[in-house]
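Below: the structure, in structure tokens.
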Amino acid sequence: MKASPPSDVPERVNALRRLLRAVDGHLPEQRLAAARTVVDHAGERLRLSGEHCVVALAGATGSGKSSLFNALTRLQLSPVGVRRPTTGVAHACVWGPDNSGELLDWLGVPPSRRFRRESALDGDDERTLRGLILLDLPDFDSVEQSHRVEVDRLLSLVDLVVWVLDPQKYADRVVHTQYLAQFSEHRDVTVVVLNQADRLQPADVTRCVDDLKRLLVADGLDGVPVFATSAVERPGALPLRELLESTVAKRQAALLRIGGDVDGVVADLAPLFEPEAAEHTVDRETVETLTGALAAAGGVPVVADAARRAYTHRAVGAVGWPVSRWLRRLRPDPLRRLRLGDAKESDEKEPIAATSVPPAAPAERAAVGLALRALGERAGAGLPDPWPAVILAAARSRADDLPDALDTAIARADLGMDRRPLWWRLVGGLQWLVALAALVGLLWLAVRYVFFALGLPELPGPHVGRVPLATVLLVGGLVAGLLVSIVARPLIRFGARRAQARVQNRLRTAVKEVARDLVVAPVREVLHAYADARSALHTASGR
């Protein structure tokens with residue numbers, strides 16, 4: 001894979017920052033600590049200076065690191081002694097204009113350990129190193145724990161590291177496993193020198209350098225510059241100085257170092273984002289299963305059955321015999337017994353009184369729990385740890401809010417029970433007509449009976465055949481009312497079943513909205529975060 005150019009480093013750092021925002025609160029903080037450190041350090045380093053190149057000389061006790069530092073600066077700046085550590089604070093030598101104070105403050109180099117290399121006497125002798133900040137670090141094998149901590153801190157901040165090894169300890173296992181091997185992602189900003197080469201014969205120098213290269217290949221640092229140096233003549237510090245001049249001229253060491261840091265973090269995070277995830281979809285069948293479980297727990301079957309009985313109650317009250325209508329009014333409406341009724345015109349934000357729908361039974365609550373688990377597991381299937389657990393937690397995150405949300409959704413739902421069918425009015429009007437006919441016949445017969453009881457002459461009246469019209473009206477009205485009621489019953493039952501199905505469908509729709517808001521939405525939020533982080537990781541990798 002082709003390496004990303006240094007100019008892409010700021011974009012890669014921003015992508016890593018976007019990844020951290022996407023997964024914030026979803027992944028354990030310890031998995032993100034290294035990435036946050038890199039983003040913070042990179043942001044500060046890019047902000048502070050693009051003109052300077054910070055190079056550190058790192059080495060063990062007796063490697064001649066400070067002597068090499070003095071040879072490069074051509075001044076006696078760093079104390080040299082056979083007994084180390086001389087100090088636990090890095091020395092810094094700065095070439096060029098004195099505008100590096102803020103960068104040195106960030107590096108933690110105290111003012112008393114800062115030196116400027118160029119002066120009027122130098123003329124242009126040192127111009128090729130202008131912009132270089134050379135650090136002489138404490139010994140990384142110091143007996144002082146604070147010195148080793150300081151070395152580790154600075155090694156994480158500098159742009160380029162020159163590892164100064166000596167002929168006696170260049171193969172030290174501790175040096176390679178604890179330090180050099182840890183810089184495998186930073187081979188572009190790593191240099192290894194075999195110092196004190198003046199103590200060896202030329203043939204021995206060649207043999208030691210070749211052996212050192214072999215060890216560096218095992219450390220993952222194949223291809224890094226490796227050569228011999230010394231603080232005196234043969235071969236001297238010239239090869240290293242020329243490399244530093246080239247590095248300073250390119251002005252890319254800081255970007256290369258940050259790019260290596262980003263590479264290391266990307267490699268560490270890559271196993272967390274290997275497969276793709278469906279960002280905007282959750283398995284429809286699983287959602288339907290969850291909706292069914294929530295509908296049962298929320299009392300949708302109870303309300304739908306109440307709607308069926310309420311339809312029958314209201315239909316009989318509209319098309320039944322007038323006397324039965326009056327008696328029907330003495331019985332409560334099944335829906336209003338549940339504190340449910342017609343469509344509500346209240347504001348969405350206005351509180352709604354709780355219904356009287358019975359609470360969910362233990363078996364129904366258990367079914368909801370299983371449905372939540374099934375949705376979370378299906379949505380997180382195939383994703384690497386810890387994402388399945390994160391998605392499952394998201395599916396359950398609003399479980400405690402579900403009962404109230406379901407009750408509110410049912411209370412707010414328009415059940416469609418406020419509309420009175422036209423045939424109710426027609427049949428109801430017909431019932432009133434036949435009832436009125438029966439009443440006229442009854443009153444007529446009553447008057448004739450009174451006349452008969454008082455011995456008065458019988459009132460004349462029309463007859464239908466041999467039957468008085470009053471009797472026909474009374475009997476015909478009663479029979480007609482009964483027949484209309486009988487004919488209306490199957491229509492009422494059919495309408496009640498349709499009302500039950502309609503209410504059940506509307507309530508399931510309302511319940512599905514609750515499921516989407518309180519269960520599916522949190523799961524999709526995590527899936528979206530995963531997809532966004534995966535895309536950001538791809539950008540951060542430089543691919």
**Prompt:** So do Val89 and Val109 actually touch side chain to side chain, heavy atoms under 4.5 Å?
**Reply:** no
**Message:** Enumerate the side-chain hydrogen bond (donor to acceptor under 3.5 Å, both in side chains) contacts for residues 490-509, please, sequence neighbours excluded, ordered by first and then second residue.
**Reply:** Glu288-Arg508
**Asked** Listed by chain and number, what are the side chain to side chain donor-acceptor pair (under 3.5 Å) partners of Asp172, not counting sequence neighbours?
**Response** none
**Request:** State which residues pass side-chain contact (heavy atoms from CB on, under 4.5 Å) with Ala15; sequence neighbours excluded, sorted by chain then number.
**Result:** Arg18, Thr539, Ala540
**Fill in**
Sorted by chain and number, sequence neighbours left out, ring-ring contact (aromatic ring centres under 6.0 Å, His included) with His176 holds for none
**Message:** Within the 4.5 Å heavy-atom criterion, are Trp387 and Val23 side-chain neighbours or not?
**Reply:** yes
**Request:** Would you please name every residue forming a side-chain contact (heavy atoms from CB on, under 4.5 Å) with Pro403, sequence neighbours left out?
**Result:** none
**Fill in**
With sequence neighbours left out, the residues meeting side chain to side chain donor-acceptor pair (under 3.5 Å) with Arg308 are Asp305
**Asked** Which residues satisfy the side chain to side chain donor-acceptor pair (under 3.5 Å) test with Glu29, sequence neighbours excluded?
**Response** Arg36
**Request:** With sequence neighbours left out, write down each residue that passes side-chain contact (heavy atoms from CB on, under 4.5 Å) with Gln182, or none if nothing qualifies.
**Result:** none
**Message:** Checking Arg378 now: which residues fulfil salt bridge (charged side-chain N to carboxylate O under 4.0 Å, His left out) with it, not counting sequence neighbours?
**Reply:** Asp283
**Item:** Test side chain to side chain donor-acceptor pair (under 3.5 Å) applied to Gln145 - qualifying residues, sequence neighbours left out
**Value:** Arg148
**Request:** List for me each residue that meets side-chain contact (heavy atoms from CB on, under 4.5 Å) alongside Glu513, sequence neighbours excluded, and say none if there are none.
**Result:** Arg516
**Prompt:** Can you name the salt bridge (charged side-chain N to carboxylate O under 4.0 Å, His left out) partners of Glu185, sequence neighbours left out?
**Reply:** none
